[in-house]
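Protein chains get the first letters and strands the later ones, always in sequence-line order, with residue 1 at the start of each.
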Amino acid sequence: MIRFENVSKTFHEKNHKVHALKPTTFSVEKGSIHGIIGHSGAGKSTLIRLINQLEVHDNGTLEVLEYKDIRKLNKESMRMLRRKIGMIFQHFNLLENKTVLQNVLFPISAFNKPNKKDKQKALDLIKSVGLKGVEHTYPAKLSGGMKQRVGIARALINDPEILLCDEPTSALDVNTTQNILNIIKNIKESRDLTVVFVTHDMNVVKAVCDYVTVMDNGVIVEQGTLDNILFNAKHPITKSLTASIGFNIEAIASNYKESENLLLLRFKKHITHQEILSKIILTHNISINILFANITPSSEGVMLVSIESDDIHQTKKVLKEYGVEIVHDRF
Amino acid sequence: MIAFDNYLQAFNETLYMTVVSTLFVGVFGLILGSLLFTTAQGGLKPNKTIYSTLSIITSIGRSIPFLILIVLLIPLTRIVVGSILGPSAAIPALVIGGTPFYARLVELALFEKGHDLKETSRAFGLNDFKIMIKVLIPESILALIRGLTVTAIALAGYTAIAGAIGAGGLGNLAYLYGYSRNRPLVTWIATVLIVFLILLIQLIGDLTVKKLKKT
């Protein structure tokens, strides 16, 4: 689908070189929402711009869709490739002198006069992002969230296979962000899209992404499934990001150094809906103090507890029998 | 005695010089300004050598005082227009003086949204020429018109300088018939007329912007 092999990019500033992306190998699975997160200047914007060659890499090979080495494409093939990649932006980048409908049609009208079918398709897209009624309005009259929805409809007009999202919610408030994320999730499901999503906000990653790549200083420092990143963060950058949304268990546990029998429990998704704790408390005469708990979008749970029990070993055994995983029992 | 007809003729000459030179400056300035934006750092096709060359020429063109420019251009004017007197003879100097001025305003106007729109258009597969013609110029049209209004007003001012040394128009009237012959009233009437012309240009500019503004 998308495969980077030793791809690197250096910018030449006046007196020094900026290694925006050091030689990087990584790939994006078809049909996933792949989050790329990092602080500003980490290289995530460069990485996403290489995929549709808004930036051209210096070294390495970059395979996108059926094109094995996109740096070698001629102009016409590049245009074909770009038609298969939709993109939305932080500042929406709508054309202010065109109506919503004309904006959505723009990727077509820049080349050919749109026909009836194109117009109908644009109207359907506008409807599907919830903007029915403003087809003939100019962007200046729209709110930020509405503008981004126009951006999404415009990105989809050529039926792309890949959608690139460059900080699409960073200029929006929390509610609007959720709304835009839901739209992206829905269109990904209904159109079998592959989405690459650049953001600096771990909440956004947690809300939509299946896979996460963490970048720092032009290097990928950690990657994995969302659950894996949330629970098993290794790199300090990843840890600080997971901590920002309350998922850095170590940091939380260190606040309870004095507590006895501190356990970190992990609940796989098939048991998170069972009443395990209350059963154990009732049948084994122990008391459990829940210090912290959190759950991922895929229903994986973690819980930090301190347990008062006559026989802690017995308690642990019982927990394991119920399928609860004990990640740490000493901090 | 200066008759009404003399004022009317002078007004018409100034109007003619302003309108014709504004048209030429609009076209040449747009081309030069687009080239400046295209070759500038962050433009469509950055090229240091071409940009520096164009930029230096533009800066020099803008910094030569207009009166000196007219004198410098006398040989060229003689070839192009066939005479160095009358309103038409002022046009080459007005165009050459005004083009660098408007080109800088065009460059600025294109820069305003240039970076984001360049990236977006490229992501849709547009080539640089299409980006300029179909995106950047239409999207910057308000700033371009505001710039052209300012330029036209500057050109109307230049016509008065040209008028004083033989191009005719209100400048000629004010200087030759008003000042030289010590008739302040003539100078005052010429001044009122040129102020009227400038207000008219501003009004046309403002109305056009208002009409094209998409809200």
Side-chain angles (χ1 to χ4, degrees), chain A residues 11-14 45 48-49 51-56 73 75-100 102-112 136-142 151 154-155 157-158 160 162-166 171, chain B residues 30 34 37-49 51-52 55 106 108-148 205 207-215:
Chain A
F11 291 104
H12 298 270
E13 302 277 302
K14 261 201 173 129
S45 270
I48 200 174
R49 278 171 171 68
I51 297 172
N52 60 355
Q53 292 281 287
L54 289 179
E55 299 290 355
V56 181
L73 293 181
K75 276 187 180 161
E76 189 49 34
S77 308
M78 180 58 71
R79 190 161 94 76
M80 293 311 293
L81 172 65
R82 283 175 171 167
R83 277 173 66 101
K84 292 178 187 169
I85 305 176
M87 189 166 188
I88 57 175
F89 303 85
Q90 179 175 2
H91 299 295
F92 328 122
N93 299 3
L94 301 181
L95 303 177
E96 300 283 331
N97 71 337
K98 288 186 173 356
T99 63
V100 168
Q102 288 166 337
N103 263 288
V104 175
L105 278 170
F106 182 70
I108 295 177
S109 68
F111 299 98
N112 302 304
H136 302 291
T137 308
Y138 289 96
K141 278 245 163 65
L142 304 180
R154 178 176 67 174
I157 191 76
N158 279 323
I162 297 171
L163 179 65
L164 304 179
C165 305
D166 183 22
Chain B
L30 190 63
S34 302
F37 171 79
T38 303
T39 54
Q41 199 175 4
L44 294 169
K45 270 218 174 3
N47 183 318
K48 254 193 181 146
T49 322
Y51 181 77
S52 311
S55 184
V106 171
L108 277 176
L110 295 176
F111 247 112
E112 229 171 88
K113 301 174 184 169
H115 179 75
D116 285 348
L117 291 178
K118 172 185 85 175
E119 217 173 37
T120 309
S121 313
R122 281 201 179 143
F124 296 142
L126 274 74
N127 62 28
D128 291 344
F129 184 71
K130 275 211 161 92
I131 294 176
M132 185 58 84
I133 299 297
K134 296 218 166 192
V135 180
L136 290 179
I137 291 178
E139 281 293 306
S140 313
I141 195 74
L142 297 185
L144 292 174
I145 289 171
R146 285 196 195 101
L148 194 61
L207 288 176
T208 315
V209 166
K210 202 173 166 191
K211 190 156 171 51
L212 290 178
K213 201 166 189 174
K214 302 292 170 64
T215 52

message: If we define contacts as heavy-atom pairs under 4.5 Å, which of R79(A), M87(A), E96(A) has the most with chain B?
response: E96(A)
message: Quick check: closest heavy atoms across A123(B) and N52(A), and the distance to 0.1 Å?
response: CB-ND2, 3.7 Å
message: Can you give me the closest heavy-atom contact between L117(B) and L94(A), atom names plus distance?
response: CD2-O, 4.3 Å
Qualifying residues under salt bridge (charged side-chain N to carboxylate O under 4.0 Å, His left out), relative to K45(B), sequence neighbours excluded: D128(B)
Gap between atom CE of M78(A) and atom CZ of R122(B) - 0.5 Å precision: 11.0 Å
field: Which portion of S109(A) sits near chain B, non-hydrogen atoms under 4.5 angstrom
entry: backbone
message: For residues 135-146 of chain B, give me every residue with a non-hydrogen atom less than 4.5 Å from any non-hydrogen atom of chain A.
response: V135(B), P138(B), E139(B)
field: Flag side-chain contact, heavy atom, 4.5 Å: T120(B) against F89(A)
entry: yes
Structural part of K113(B) lying under 4.5 Å from a heavy atom of chain A: side chain
- prompt: Is any side-chain heavy atom of K98(A) less than 4.5 Å from a side-chain heavy atom of K214(B)?
  reply: no
message: So for L95(A), is it side chain, backbone, both, or neither that comes closer than 4.5 Å to the heavy atoms of chain B?
response: both
By ring pair (Phe, Tyr, Trp, His ring centres under 6.0 Å) - contacts of F106(A) (at least two apart): none
- request: Sorted by first residue and then second, give each ring-ring contact (aromatic ring centres under 6.0 Å, His included) pair with at least one member in residues 108-144 of chain B; sequence neighbours left out.
  value: F37(B)-F111(B)
message: Rounded at 0.5 Å granularity, tell me how far CG in D116(B) sits from CD in Q90(A).
response: 9.0 Å
